Amino acid sequence: MNHASEEPSDSDADRPIALDEPVVDPGLVSDDPGFRDANRALKKTLSNLKGCTDAEREALLDSYGKIEQMIKKLETGRVEIAVFGEISTGKSALINALIGREVTAVDVRGGWTKEVWGVAWDGVGYRVPGLGTSELVLVDTPGLNEVRGASRGDMAVEAVARADIVLFVSDSDLNDVEWNALLEIVSASKPVLFVLNKVDLYSPKQLERLIETLRDDRLKEIIAPDDFLLCSADPREKEYVIQAPDGSERSEWRKPKPQIVDLKRRILEILEREGKALIAVNAAMYASDHDDRITATKVRLRESRANAAIWSCAVTKGAAVAFNPVPGVDILAGVGVDATMIVWLSRIYGLPITLKNAQKLVASLSVAVGAVSATEIASHVAVGLLKAATLGWATPFTAAPQGAIAAFGSYIVGQAAKEYFEHGGDWGAEGPKATVRRILEQTDRAGVLSRLKKEILAKVDRNRHARPATGFFGEKIEEKK
């Protein structure tokens, strides 16, 4: 059966989406408090995608589309039943049996890729109580261990995350891949029905032994007995002996009807009992999961840019401090670099502040740094006096250590400020002093100082105007060729 098809013209699943585009809200299908709470959670998650940088927009565009689709699913009360399992276990045949006919390409609903497709379960004639316009949709997913399994596996995981009920289909004892996948799905805290398919292929004794192995042993702690269903979605033909009125007999091969009554009944029991709650809770969990993913992606992308900015400013400050022969001016230059670094960080995290406010934050963080700041200032004073006394001749000998100390202080200030902006411009319960103390404890001081020295000297070596013309004894310092 061919599942691939052209997406319907009215589907917006593949159209480009602008992250600042307003989300259409036609109103919820139910005024149930759970639906309203779930809708607010999804809208809040969606709002977290706005105001992003171009790089973040590109990385999070897929999440925007998925959340928008989940909002529409909630607003219409659409129930999705995902059929999941290893290849060749009869997932597609099971969908055909439930639908009552072989599903063709024109039946496939939009909003899915060619490897994940959904079809309306209209023939069942059921609507979730309280959701008059709701529809049931059966969703086929790529099989486990399928070719190009990595990408298709991601699609299957997403389909299961969206689903309100999961049918886990197997046709034998579970292998390791199936077992691990089942454990992961069960941990998602949604109804999971274990469907043992193709039972017509087993003899009565074989089937009894298999049920004992699965239902009564391996699955005993994770699948309730009522959720363990036997099916034969596409039974093999059987030979029947037909006796005519005159007593003569003839044989005829016929295909039995699919054995799916118990499965269908169990699905409708679950929906009748908790259909509305399932949809609302699943939407809320989906919102929470994607909110965590969005936050993690933002943190990862912003942290990379922030660390680059911190290191660049620290090295720049170290070079400016170390090779400025005028006492006191190097300290002022260092404060200016730190303030500029804070402004950069505030913009990276979408919380821009003025240079004046950045200077205040630098001052408060410098106090919090404590011993590091004290060492830095003492170094500036002592080395500054040495520079003045020697008319700058001591600069080549004091550059690396003094610059590294100054740069290290800037590095700690930057790391603390980064955490401040990561938390939305708030220190939280920990406070700036405790934050700085923790950062200092976690920092490899010797390693950072060593790297800073090397990069400061390399930076100065690339800038001939930053090097003094004479050394300590008045010798001429030749420029490297």
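Reckoned from all heavy atoms, side chains included, excluding hydrogens, waters and symmetry mates. The structure presented is a predicted model; accordingly, all values stated were derived computationally and were not measured.
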Holding to salt bridge (charged side-chain N to carboxylate O under 4.0 Å, His left out), I want the full list of residues that pass it with [X], two or more places apart in sequence or in another chain.
X	result
Glu184	none
Arg451	Glu455
Arg40	Asp37
Glu419	Arg438

Quiz item: Does atom CD of Glu221 have more than 12 heavy-atom neighbours from other groups under 6.0 Å away?
Solution: no
Side chains of [X] and [Y]: closer than 4.5 Å at any heavy-atom pair?
X	Y	result
Gln442	Leu440	no
Ile439	Glu441	no
Ile310	Met341	yes
Lys66	Tyr286	yes
Leu229	Leu196	no
Leu271	Leu136	yes

Quiz prompt | Set of ring pair (Phe, Tyr, Trp, His ring centres under 6.0 Å) partners for Trp179, sequence neighbours left out | solution = none
Quiz item: Looking only at heavy atoms, which two atoms of Gly77 and Ile279 are closest? And how far apart?
Solution: O-CD1, 3.8 Å
Quiz item: If every non-hydrogen atom of Ser170 is compared with every non-hydrogen atom of Glu178, which pair is closest and at what distance?
Solution: OG-OE2, 3.3 Å
Exercise. Fit a plane to each ring of Phe228 and Phe194, take the angle between them on a 0 to 90° scale, and name the class: parallel (under 30°), tilted (30 to 60°) or perpendicular (over 60°).
Key: parallel
Donor-acceptor pairs are to be reported for all side-chain atoms of residues 349-356 against protein atoms at under 3.5 Å, with residues two or more places apart or in another chain.
| unit_1 | atom_1 | unit_2 | atom_2 | d |
| --- | --- | --- | --- | --- |
| Tyr349 | OH | Glu422 | OE2 | 3.3 |
| Thr354 | OG1 | Asn357 | N | 3.2 |
| Thr354 | OG1 | Asn357 | ND2 | 3.2 |

Set of side chain to side chain contact (heavy atoms under 4.5 Å, CB included) partners for [X], sequence neighbours left out:
X	answer
Ala41	Ala287
Val448	Trp311, Phe408, Tyr411, Thr443, Leu452
Ser450	Lys454
Lys276	Ser30, Asp32, Phe35, Val128, Leu131

Pairing donors with acceptors under 3.5 angstrom, does anything connect the side chains of [X] and [Y]?
X	Y	answer
Thr213	Asp173	no
Gln415	Lys418	yes
Asp338	Ser410	yes

Main chain of [Y], side chain of [X]: is a donor-acceptor contact present, judged purely on distance under 3.5 Å?
X	Y	answer
Ser304	Leu301	no
Ser288	Ala284	no
Thr141	Val83	yes
Thr316	Ser312	yes
Asn180	Asp176	yes
Asn39	Glu75	no
Arg218	Leu174	yes

Any carboxylate oxygen within less than 4.0 angstrom of a Lys/Arg side-chain nitrogen, looking at [X] and [Y]?
X	Y	result
Glu80	Lys73	no
Lys220	Asp216	no
Asp164	Lys190	no

Exercise. Sorted by first residue and then second, give each ring-ring contact (aromatic ring centres under 6.0 Å, His included) pair with at least one member in residues 426-459; sequence neighbours left out.
Key: Tyr420-Trp427
Quiz item: How would you list, by chain and number, every residue that makes a side-chain hydrogen bond (donor to acceptor under 3.5 Å, both in side chains) with Arg347, sequence neighbours excluded?
Solution: none
Quiz item: Leu167 pairs by side chain to side chain contact (heavy atoms under 4.5 Å, CB included) with which of Asn197, Val139, Ile267?
Solution: Ile267
